[in-house]
Protein chains: 2
Amino acid sequence: MGEQKIRNMEEFAALSGISRPTVSKYFNDPNSVRPSTRERIEAALEHCDYRPNIYAINQNRRLTKNIGIVVPFLADPFFAEIARQIEQRCIAAGFWPILFSAHGQQELENNILDSLRSLKPAGVLLAPLGRASDRKKVEAFCAEVPTVLFDSNIAGIGEAFVGSDNFSFVSQSVEYLSRTGEPPCFFEMRTPANPNANKRRAAYFKTMETLGLEPRVIKIEGEGWSFEEIGRDGARRVLEDRSLPTNTVLCSNDRLAIGFLAACYERGLRVGRGDGCALRVASHDDHPFSRFTCPSLTTVAHDYDSVANRSVETLFELIEGGGRLPERTETLFPARLVLRASA
Amino acid sequence: MGEQKIRNMEEFAALSGISRPTVSKYFNDPNSVRPSTRERIEAALEHCDYRPNIYAINQNRRLTKNIGIVVPFLADPFFAEIARQIEQRCIAAGFWPILFSAHGQQELENNILDSLRSLKPAGVLLAPLGRASDRKKVEAFCAEVPTVLFDSNIAGIGEAFVGSDNFSFVSQSVEYLSRTGEPPCFFEMRTPANPNANKRRAAYFKTMETLGLEPRVIKIEGEGWSFEEIGRDGARRVLEDRSLPTNTVLCSNDRLAIGFLAACYERGLRVGRGDGCALRVASHDDHPFSRFTCPSLTTVAHDYDSVANRSVETLFELIEGGGRLPERTETLFPARLVLRASA
DNA sequence: AGAAAAACTTTACGCGCGTCAAGATTTGGA
DNA sequence: TCCAAATCTTGACGCGCGTAAAGTTTTTCT
């Protein structure tokens, strides 16, 4: 291969002995041509590495095969991991995924949406920043481009939402902790970036009420996406003040918990469920690093696979349906308690 | 804005009262037209949100404004962070960065290179997988597309390399550790994924020799990019066997060290430089999580900023030079020792 | 074997923009 | 004020491919 220099489909068609429109048909769907024709084209492809010009292709299609994937913060391995899974599924389905991260900034999220408009994607999978999102711009975008939201919901925006069931997360952690020791207080940011945090707080109240226990929430200061640092600094203060109402802390998410554990370690507080332990700490997300914390973190896991799968499936349905779904569905997957050493 | 529906540059030109070729000129470089003309065009842009069709643009350019960014493993926050910095610099310079991750797999890296060829990028910033890379394919790619390697070097491939100076990393850590306690043994994977690991081992030998100390290397088993797990499992074995030759361990990189610390914690070994500590552990990279380990990790930091900056600058020079540089340069930035609690 | 169906070839146009050439207009400087 | 330089307009072609229409060949099925 690589002998000839083919400049366009015309030349390639001549080389293969098949007419250009048929070759074009082949590249759109290899199964749409007769097997014997397909063989001749593929034989020709062995002799040169011709590939159709994607810009010319996309210019003449109303819709491209591009799929935009937008996450709020790619430096969080949680998003990197789910983006990876989504990416692979799009490729397997013959689409061209393009990954974007807003890096926690509204301005960047807006720029990404603008870029995506230019790309004329067949569809977009969007995990919005949440509180920091420019709601109107996201809404306007979703009205133009077939979009499925994932991870973080914005009511009424996008053709569908797929995510994890925050109530399932929190009810499991709260029930487990209450059953095996002191009921937990809830440790979170005062102004969380992500709307899931609000749902988790609500679920905490609800579950504590159901169990007949008194809820206690600790709100810490901090802005942005440096959750570990915010969690550590907040924990330092709480431990300094000795203001923890219980010996059991349920963090809103694993990244805060990672910071909490760091603060505990600094103060020489032993965390875990053993006898010599001063505290139990648990959390939610099953962050990729949570199995390597000290102690390893008891948490509640997202069903990554299902969320990625269903997000992509829903987007494909949306694309096949011409960009609209009969109604906006919200799919929530239950979580799974992961017992480790910290609680 | 958003009143009119503009379908192409022809219509937009009519609306703005400027001829289409001049409008085209404006979009290629707003400063290439007379200020009064620019104002009229930009006034028209207020009334409608016209943007040129990028596919039509790129079809008629030999080179696009795209820049490919390829990293080996995006779920590693180190790469996410450096990709972010590179991305922002490209955008600031008017380019379109497109981010790809090989997710540790050769097949994916090859696919990415194929995709990039189709994108006709102005240039590519490539951090190759390293040992797992398909050397010939990477070489063939770099011969076609102006490419700057970063982070991980492959001798002779690409127009330039920009990365960190592994000798600087290791000499600083070894000297510090030897000066303040027992000299370190070197903890690494037997078959490291990344060529930097080999350079670090060599630097360890060299530095130990210079200091007149006997080098001791611990090689652990494991394949792939789950370094934390590999490090933890390797450490478990070493601690179980009591086969550590010294009380000071220098890990090849932070992710191995994170696993090492987890294993120490499991066994109740106190890590740090204090009196009650059984072990000192240090490492290299200043991974974003290394400040939140227990104890926080003494490490040697990449000069992220300089590496990102110089990579991008070098690529821009390459692009301006028409895709070739006078000679292949290798730029190595020194590292910076970061003292924390673990050593 | 014959006819209908399927797949192909030929021819041609259009997509939206880059870019060139020739001529008209505006600008800046003496 | 006048001229050269800079900038603009007009008109036209080409990029590589999608896609439609009309006619031809091949396949499939009875």
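So that the names make sense, note that chain A is the first sequence line, chain B the second, and so on, each numbered from 1.
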- Using a 4.0 Å heavy-atom cut-off, write out nucleotides 17-25 of chain D from 5' to 3' as B (base contacted by protein), S (sugar-phosphate only) or - (no contact). BBBB-----
- Do A:Gln106 and A:Ser133 get their side chains close enough for a donor-acceptor pair, meaning under 3.5 Å? no
- Message: Tell me whether A:Arg84 is salt-bridged to A:Glu81, with the criterion being a basic N under 4.0 Å from an acidic carboxylate O.
- Response: yes
- Query: Hey, is B:Glu159 close enough to B:Arg328 for a salt bridge, meaning N to O under 4.0 Å?
  - Reply: no
Without decimals, in angstroms, what is the distance between [X] [atom1] and [N] [atom2]?
X: B:Lys5; N: C:dG16; atom1: NZ; atom2: P; answer: 14 Å
X: A:Tyr26; N: C:dC8; atom1: OH; atom2: P; answer: 13 Å
X: A:Leu63; N: C:dC15; atom1: CG; atom2: P; answer: 18 Å
X: A:Asn31; N: C:dA7; atom1: CG; atom2: P; answer: 11 Å

- Query: Mind checking whether B:Tyr26 and B:Ser32 have side chains closer than 4.5 Å, heavy atoms only?
  - Reply: no
- Message: So, does B:Thr22 get its side chain near the phosphate of D:dT7, meaning an N or O under 4.0 Å from OP1 or OP2?
- Response: no
- Query: B:Thr37 side chain N/O closer than 4.0 Å to the phosphate oxygens (OP1, OP2) of D:dC8?
  - Reply: yes
- Query: Please walk me through it: do B:Leu315 and B:Ile67 pass side chain to side chain contact (heavy atoms under 4.5 Å, CB included)?
  - Reply: CA-CA 9 Å; B:Leu315 184 63; B:Ile67 287 185; 3.8 Å; yes
- Considering the terminal five base pairs at each end of the helix from C:dA1-D:dT30 to C:dA30-D:dT1, what angle separates the two local helix axes, rounded to 10°? 10°
- Task: Go through the steps for B:Val124 and B:Val148 under the test side chain to side chain contact (heavy atoms under 4.5 Å, CB included), then give the verdict.
- Result: CA-CA 6 Å; B:Val124 170; B:Val148 170; over 6 Å; no
- Query: What is the ring orientation for A:Phe78 with A:His302, classed by angle as parallel under 30°, tilted 30 to 60°, or perpendicular over 60°?
  - Reply: tilted
- Task: Specify whether A:Phe27 and A:Tyr50 have parallel, tilted or perpendicular ring planes, treating 30° as the upper limit for parallel and 60° as the lower limit for perpendicular.
- Result: perpendicular
